[in-house]
Amino acid sequence: MSASRALLSNPHAGASPTLARARARLAAPSTIPFARLRIRSAILSSPAAAAPVATSEPKRRISRTGSDASLRPKPAVLVAEKLGEAGLDVLRQFADVECAYGMSPAELLAKVAQFDALIVRSGTKVTREVLEAGRGRLRVVGRAGVGIDNVDLQAATEAGCLVVNAPTANTVAAAEHGIALLASMARNVSQADAALKAGKWQRTKYVGVSLVGKTLAIMGFGKVGSEVARRAKGLGMHVIAHDPYAPADKARAIGADLVSFEEAIAKADFISIHMPLTPTTSKVFNDESFGKMKTGVQIINVARGGVIDEDALVRALDSGKVAQAALDVFTAEPPPKDSKLVLHENVTVTPHLGASTVEAQEGVAIEIAEAVVGALRGELSATAVNAPMVPAEVLSELAPYVSLAEKLGRLAVQLVAGESGIKGVKVVYTSARDPDDLDTRLLRAMVTKGIVEPVSSTFVNLVNADYTAKQRGLRITEERVSHDSATAEAPLESIQVRLSHVQSKFAGAISDGGDIVLVGRVKYGVPHLTVVGPYEVDVSMEGNLILCRQIDQPGMIGKVGNILGQKNVNVSFMSVGRTSRGKQAIMAIGVDEEPEKETLEKIGAIPAVEEFVFLEL
């Protein structure tokens with residue numbers, strides 16, 4: 001019997017089917033090629049790990065294998081918050097496990113150096129101090145759940161510590177809770193329950209509305225949103241959805257129509273929010289968006305509290321614009337006891353119960369246990385959320401191109417308009433090097449990172465980039481173009497990012513072939529944007545960028561610069577590219593801060609300016 005089978009055999013009878021399947025997966029031989037295992041082992045190991053362990057630390061248990069009687073240390077795993085027995089059982093088959101619930105920050109700092117892996121939920125803060133206290137031995141942090149706000153990802157990456165989470169196990173539970181709140185809100189269940197318990201029999205006051213035939217807008221059509229859609233269709237509702245990355249065929253299969261954000265909130269009788277909390281989505285439901293909704297709309301949120309401006313929602317509820325809201329999440333959790341939103345008569349609230357079912361908790365426990373065990377074995381993980389350590393010499397050479405690739409992706413996604421979303425991405429590398437001397441996996445991952453992260457809570461890195469792209473329906477292809485050069489010292493001449501079959505909010509970025517096209521290169525160690533659509537430009541990719549498509553005529557630079565100067569907006573650079581004299585041109589303007597909306601409108605009002613767009617780099 002192999003060492004892994006000896007350690008992971010199943011001596012228990014009567015286990016649940018879910019746990020039995022988990023044990024079977026762990027006991028199966030790994031299918032990952034040896035080369036990939038070696039890479040992961042290098043990523044997860046650290047020179048400090050080989051140092052002698054202080055005598056004050058407990059000795060690591062040694063297990064004998066049944067085949068060669070060699071000695072192998074068992075990893076040690078610290079579980080800092082309550083984890084289901086099913087997950088603990090999976091861990092115990094591979095590692096020594098200690099459960100220490102309710103530790104203070106000081107106690108965690110004192111204990112963490114004794115362990116190879118740490119598992120937490122949302123209550124334990126894995127700070128830089130905790131990771132530094134790991135003294136090089138801590139190799140894996142597992143977050144039993146989706147959000148990783150409580151883990152310092154940068155510090156973990158610097159320490160060579162892989163962070164994994166459990167993003168799928170609570171999908172059905174969250175969707176079911178959303179439907180429960182939807183039905184409860186439509187029929188005034190919580191209000192009627194409170195009234196009856198107070199001795200009031202008020203049948204006429206709490207007349208509800210039927211769900212059949214009503215329009216439900218699902219804002220965020222990922223795993224949870226799509227499950228809500230399936231259940232809503234079963235209730236006879238008409239389902240529309242907004243998500244720039246949702247595959248159209250997936251939505252059609254469920255029976256949902258993908259629409260723009262504005263169309264979704266304008267048509268909806270009910271709005272169910274399933275968006276991640278990102279800088280783009282923070283307070284996206286505010287006074288302005290509430291004003292565009294139907295009077296009497298009802299809102300459900302089982303995603304993240306910060307996507308709603310809670311003060312604006314109170315105002316919308318008071319005015320009657322929003323008839324009711326059902327909320328499982330809040331900007332601050334727990335919310336203040338005197339919260340006007342929580343105490344509002346027309347608001348139904350629950351204390352973040354989306355994943356709180358027996359089945360979901362068992363699933364999360366098993367999912368995170370499998371991820372942690374896999375990471376400790378040196379396997380690649382699809383749920384890794386931080387970047388692996390890259391050899392210093394490779395990172396040094398590719399560093400400016402890594403930044404260039406991410407910024408090209410970030411610019412490209414900001415140019416996409418409409419509800420069709422991004423489907424095809426082509427990355428073209430121009431290089432004088434032999435293809436075997438240029439590994440583009442990291443660059444491809446960074447393009448994916450730039451495209452996905454601005455509109456998602458997903459953290460993209462070399463480990464999970466291809467998986468993330470596949471899950472979001474992104475088909476990324478690569479092409480290498482040979483470039484004759486006297487020297488091949490620089491790894492790349494340029495990188496082109498091309499988005500096909502999409503609409504653009506800036507027509508000037510559309511090439512003659514109908515695709516959004518951006519090209520960049522590294523100059524003097526700094527990423528530069530050199531092509532936008534059919535136009536050649538030369539701008540440093542730092543700060544923020546305003547693109548203006550205009551009629552090529554004298555005085556345009558002065559007019560735009562004057563408007564920005566009057567509003568105290570500092571211009572860091574300006575470049576103009578044109579197709580031919582006197583026809584169309586693109587002006588690229590670098591600014592240190594985002595201009596006010598009125599300032600941008602003044603630029604757009606210049607007669608020769610045909611369109612403009614503000615982009616964050």
Side-chain angles (χ1 to χ4, degrees), residues 7 12 19 22 26 44 46 48-49 51 53-63 73-153 155-156 159-166 169-170 333 352 355-356 358 360-377 383 385-386:
L7 288 171
H12 304 282
L19 179 54
L26 283 172
L44 293 180
S46 167
V53 180
T55 55
S56 60
E57 296 181 0
K59 294 181 179 179
R60 301 173 73 181
R61 196 172 82 195
I62 304 296
S63 297
K74 289 189 73 174
V77 178
L78 175 62
V79 182
E81 296 182 69
K82 187 170 178 58
L83 194 70
E85 279 299 320
L88 293 175
D89 202 358
V90 171
L91 290 169
R92 288 170 181 144
Q93 293 178 69
F94 180 76
D96 290 327
V97 180
E98 179 178 336
C99 297
Y101 304 151
M103 287 184 293
S104 67
E107 290 171 329
L108 177 60
L109 285 171
K111 186 180 283 288
V112 70
Q114 305 171 31
F115 296 89
D116 301 281
L118 169 66
I119 296 179
V120 301
R121 300 187 78 89
S122 61
T124 300
K125 304 295 184 183
V126 185
T127 61
R128 179 175 292 274
E129 289 73 23
V130 170
L131 292 158
E132 290 176 349
R135 301 175 190 171
R137 178 169 174 180
L138 185 67
R139 294 183 285 151
V140 182
V141 172
R143 164 68 168 93
V146 181
I148 40 95
D149 300 343
N150 56 317
V151 180
D152 189 329
L153 290 178
C161 184
L162 192 68
V163 181
V164 295
N165 67 347
N170 59 10
E333 295 185 358
H352 207 146
S356 296
V358 172
Q361 292 302 302
E362 178 177 312
V364 167
I366 291 175
E367 185 176 8
I368 195 59
E370 289 181 337
V372 168
V373 168
L376 287 172
R377 290 167 107 180
T383 63
V385 293
N386 68 326

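Interatomic distance, CZ of F94 versus CG of L376, reported as 5.5 Å (0.5 Å rounding). Between M103 atom CE and L109 atom CG the span is 9.5 Å, to the nearest 0.5 Å. Taking CG of N386 as the reference point, atom CD1 of I148 lies at 8.5 Å (rounded to 0.5 Å). We find the CG-SG distance between L88 and C99 to be 4.5 Å, quoted to the nearest 0.5 Å. The CZ atom of R143 sits 5.5 Å away from atom CG of N150, with the distance rounded to the nearest 0.5 Å. Taking NZ of K125 as the reference point, atom CG of L108 lies at 12.5 Å (rounded to 0.5 Å).
Between A169 and G363, the shortest heavy-atom contact is CB-C, 3.3 Å. Nearest approach of A144 to V364, heavy atoms of both residues: C-CG1, 3.6 Å. Taking each heavy atom of L78 and A100 in turn, the nearest pair found is CD1-CB, 3.9 Å. Across A113 and A133, no two heavy atoms sit closer than the pair CB-O, 3.2 Å. Shortest non-hydrogen contact noted between A95 and P75 is CB-O, 3.1 Å. Closest of all the heavy-atom pairs between G102 and E107 is O-OE1, 4.2 Å.
Using a distance-only test at 3.5 Å, with no hydrogens or angles considered, no donor-acceptor pair links the side chain of D116 to the main chain of R139. Without hydrogens or angle criteria, E81 side chain to T124 main chain gives a donor-acceptor distance under 3.5 Å. Side-chain N or O atoms of R137 include one that pairs as donor or acceptor with a backbone N or O of Q114 at under 3.5 Å. D96 contributes no side-chain N or O that, together with a main-chain N or O of A76, makes up a donor-acceptor pair within less than 3.5 Å. Using a distance-only test at 3.5 Å, with no hydrogens or angles considered, no donor-acceptor pair links the side chain of E370 to the main chain of E367. Using modelled atom types, no side-chain atom of T383 and backbone atom of A166 make a donor-acceptor pair closer than 3.5 Å.
At least one side-chain heavy atom of E98 sits less than 4.5 Å from a side-chain heavy atom of K111. In this structure, the side chains of V385 and N165 come closer than 4.5 Å at one or more pairs of heavy atoms. A heavy-atom distance below 4.5 Å is not found between the side chains of V141 and V164. Looking only at side-chain heavy atoms (C-beta outward), I119 and V77 come within less than 4.5 Å of each other.
Salt-bridge formation is detected for the pair E85/R92: a Lys NZ or Arg NE/NH1/NH2 atom is positioned less than 4.0 Å from an Asp or Glu carboxylate oxygen.
Of the candidates V126, L131, V130, V112 forms a side-chain contact (heavy atoms from CB on, under 4.5 Å) with just one, namely V130.
Scanning for salt bridge (charged side-chain N to carboxylate O under 4.0 Å, His left out) contacts around E132 gives an empty result, with sequence neighbours left out.
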>> Pair L83, I368 - check side-chain contact (heavy atoms from CB on, under 4.5 Å), show working.
In response: CA-CA 10 Å; L83 194 70; I368 195 59; 3.9 Å; yes
